[in-house]
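Both backbone and side-chain heavy atoms feed into the values below; hydrogens, waters and symmetry mates do not.
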Amino acid sequence: ARVYEDMGLLTCDPAIGADMSQLFNELTGYGRNIDYQRLLVAPRLMRDALNDLIQGEIDAGPGQGHITMKMNSLVDTGMIDELYRASQAGVEIDLIVRGICCLTPGVPGLSETIRVRSIVGRYLEHSRIFRFANGLGTGNALHLIGSADLMPRNLDRRVEVLTPVSDIDLQGRL
């Protein structure tokens, strides 16, 4: 959270506010499962949404798709397989992973368009940032920030949230 505070990432987006209210109501038992307008929420929706975003980069065509992800850990075999599939389709993929990374980059025919870097800073926890160059098929990049690493426990067993960053200046800072 400190990283986001330092960047001044606050929102007055009413759709995100409504989504957060609904999420709180679900967690406290006062709401029912609904689709969110802007948030990607695990464990119910995030995995499928990320798969759809990866597919969108594949659909953009060779040389057009680009995915950038910054996280603490990448161990989910389903997500790794999707990233391998995207690489095989010609999508450029840049991963910044602080801790465990079970994906093998640079393997001909499997992951040759994937680059992985590890950055360890002052703080144990690092921000999670996901960027999809073609967004939701609009051709405009989609930037997401949140709490989720690509681990089975984060995608399938915990409540985790990714939210879009739509401000152009903040996207540039990310």
Side-chain angles (χ1 to χ4, degrees), residues 3-4 7 9 38-158 160-174:
V3 172
Y4 302 136
M7 292 181 67
L9 295 179
R38 303 282 310 250
L39 300 181
L40 302 182
V41 180
R44 202 164 43 88
L45 305 168
M46 188 179 294
R47 179 184 293 280
D48 288 342
L50 289 173
N51 285 339
D52 289 346
L53 288 165
I54 292 169
Q55 182 62 48
E57 297 306 309
I58 293 170
D59 293 344
Q64 299 301 310
H66 191 178
I67 298 169
T68 306
M69 296 179 169
K70 181 177 183 284
M71 68 199 86
N72 287 330
S73 298
L74 173 57
V75 300
D76 185 82
T77 56
M79 285 286 119
I80 290 169
D81 287 344
E82 287 299 305
L83 292 171
Y84 284 152
R85 193 169 67 81
S87 178
Q88 292 167 351
V91 175
E92 293 291 323
I93 301 170
D94 291 297
L95 303 173
I96 303 163
V97 184
R98 181 195 65 83
I100 300 168
C101 181
C102 294
L103 179 145
T104 305
V107 176
L110 177 67
S111 60
E112 56 196 295
T113 65
I114 301 177
R115 290 165 298 282
V116 178
R117 290 182 287 156
S118 177
I119 297 177
V120 178
R122 285 178 51 186
Y123 304 104
L124 178 62
E125 290 292 318
H126 286 248
S127 55
R128 281 76 164 190
I129 304 169
F130 300 84
R131 182 185 181 275
F132 298 89
N134 295 288
L136 300 169
T138 62
N140 296 320
L142 175 65
H143 294 74
L144 300 163
I145 59 171
S147 59
D149 287 314
L150 297 185
M151 304 175 72
R153 70 179 185 210
N154 295 96
L155 296 171
D156 301 325
R157 296 189 301 276
R158 290 184 178 175
E160 302 277 357
V161 176
L162 293 176
T163 185
V165 176
S166 56
D167 183 275
I168 299 298
D169 291 335
L170 293 177
Q171 289 176 356
R173 291 177 70 184
L174 289 174

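- Taking the salt bridge (charged side-chain N to carboxylate O under 4.0 Å, His left out) definition, one finds that Asp94 meets it with Arg115, sequence neighbours left out.
- Of the possible polar contacts, none joining the Glu82 side chain to the Ile54 backbone as a donor-acceptor pair under 3.5 Å is found.
- Rounded to the nearest 0.5 angstrom, Thr77 OG1 and Leu150 CG are separated by 11.5 Å.
- Considering only residues two or more places apart in sequence or on other chains, Pro62 meets the side chain to side chain contact (heavy atoms under 4.5 Å, CB included) condition with none of them.
- The main-chain N or O of Ile145 is never found under 3.5 Å from a side-chain atom of Thr163 such that the two would form a donor-acceptor pair.
- From Asn51, atom CG reaches atom CE of Met46 across 12.0 Å, with rounding to the nearest 0.5 Å.
- In this structure, Pro152 and Arg157 have side chains that are in contact, with non-hydrogen atoms separated by less than 4.5 Å.
- Under the 4.5 Å side-chain criterion, counting only non-hydrogen atoms from C-beta, Pro164 is in contact with Leu142.
- Using modelled atom types and a 3.5 Å distance limit, the side chains of Asp59 and Gln55 yield a donor-acceptor pair.
- Contact of the Leu74 side chain with the Ile100 side chain is not registered, since no non-hydrogen atoms from C-beta on lie closer than 4.5 Å.
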*asked:* Walk me through whether Ser127 and Lys70 qualify under side chain to side chain contact (heavy atoms under 4.5 Å, CB included).
replied: CA-CA 7 Å; Ser127 55; Lys70 181 177 183 284; 3.1 Å; yes
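- Ser87 and Ser111 form no side-chain donor-acceptor contact under 3.5 Å, judged by distance and modelled atom types alone.
- Ser166 OG to Arg38 CZ: the interatomic distance, rounded to the nearest 0.5 Å, is 5.0 Å.
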*List the steps and the verdict of side chain to side chain contact (heavy atoms under 4.5 Å, CB included) for Ile114 and Leu103.*
CA-CA 9 Å; Ile114 301 177; Leu103 179 145; 3.6 Å; yes
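- Residues Val161 and Leu40 form no side-chain contact, since every pair of their non-hydrogen atoms from C-beta on lies 4.5 Å or further apart.
- When side chains are defined from C-beta on, Pro105 counts as touching Val116, because their heavy atoms get closer than 4.5 Å.
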*asked:* Run Val91 and Gln64 through side chain to side chain contact (heavy atoms under 4.5 Å, CB included) and show every step you take.
replied: CA-CA 7 Å; Val91 175; Gln64 299 301 310; over 6 Å; no
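- Here the closest heavy-atom approach between residue Ile93 and residue Leu83 is recorded as CD1-O, 3.4 Å.
- If you take CE on Met79 and CG on Leu50, they are separated by 5.0 Å, rounding to the nearest 0.5 Å.
- In this structure, the side chain of Glu57 engages the main chain of His66 through a donor-acceptor pair within 3.5 Å.
- Checked by atom type and distance alone, the side chain of Asp149 pairs as donor or acceptor with a backbone atom of Asn72 at under 3.5 Å.
- You'll find the side chain of Leu155 stays beyond 4.5 Å of the side chain of Pro43, heavy atoms only.
- In this structure, Gln171 contributes its side chain and Val165 its backbone to a donor-acceptor pair below 3.5 Å.
- To the nearest 0.5 Å, atoms CE (Met69) and CG (Leu53) are separated by 8.5 Å.
- Inter-residue side-chain proximity for Phe130 and Ile67 is flagged as unmet; no heavy-atom pair is nearer than 4.5 Å.
- At least one donor-acceptor pair under 3.5 Å links the side chain of Asp167 to the backbone N or O of Asp169.
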*Begin from the C-alpha positions of Leu174 and Arg131 and carry the test side chain to side chain contact (heavy atoms under 4.5 Å, CB included) through to its verdict.*
CA-CA 9 Å; Leu174 289 174; Arg131 182 185 181 275; over 6 Å; no
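- Taking both residues in full, the closest heavy atoms of Tyr84 and Thr104 are given as OH-N, 2.9 Å, listed atom of the first, atom of the second, then distance.
- Ser147 and Glu160 are linked by a side-chain donor-acceptor pair at a separation below 3.5 angstrom, with hydrogens and angles left out of the test.
- Atoms CD1 and OG1, from Ile96 and Thr68 in turn, are 7.0 Å apart once rounded to the nearest 0.5 Å.
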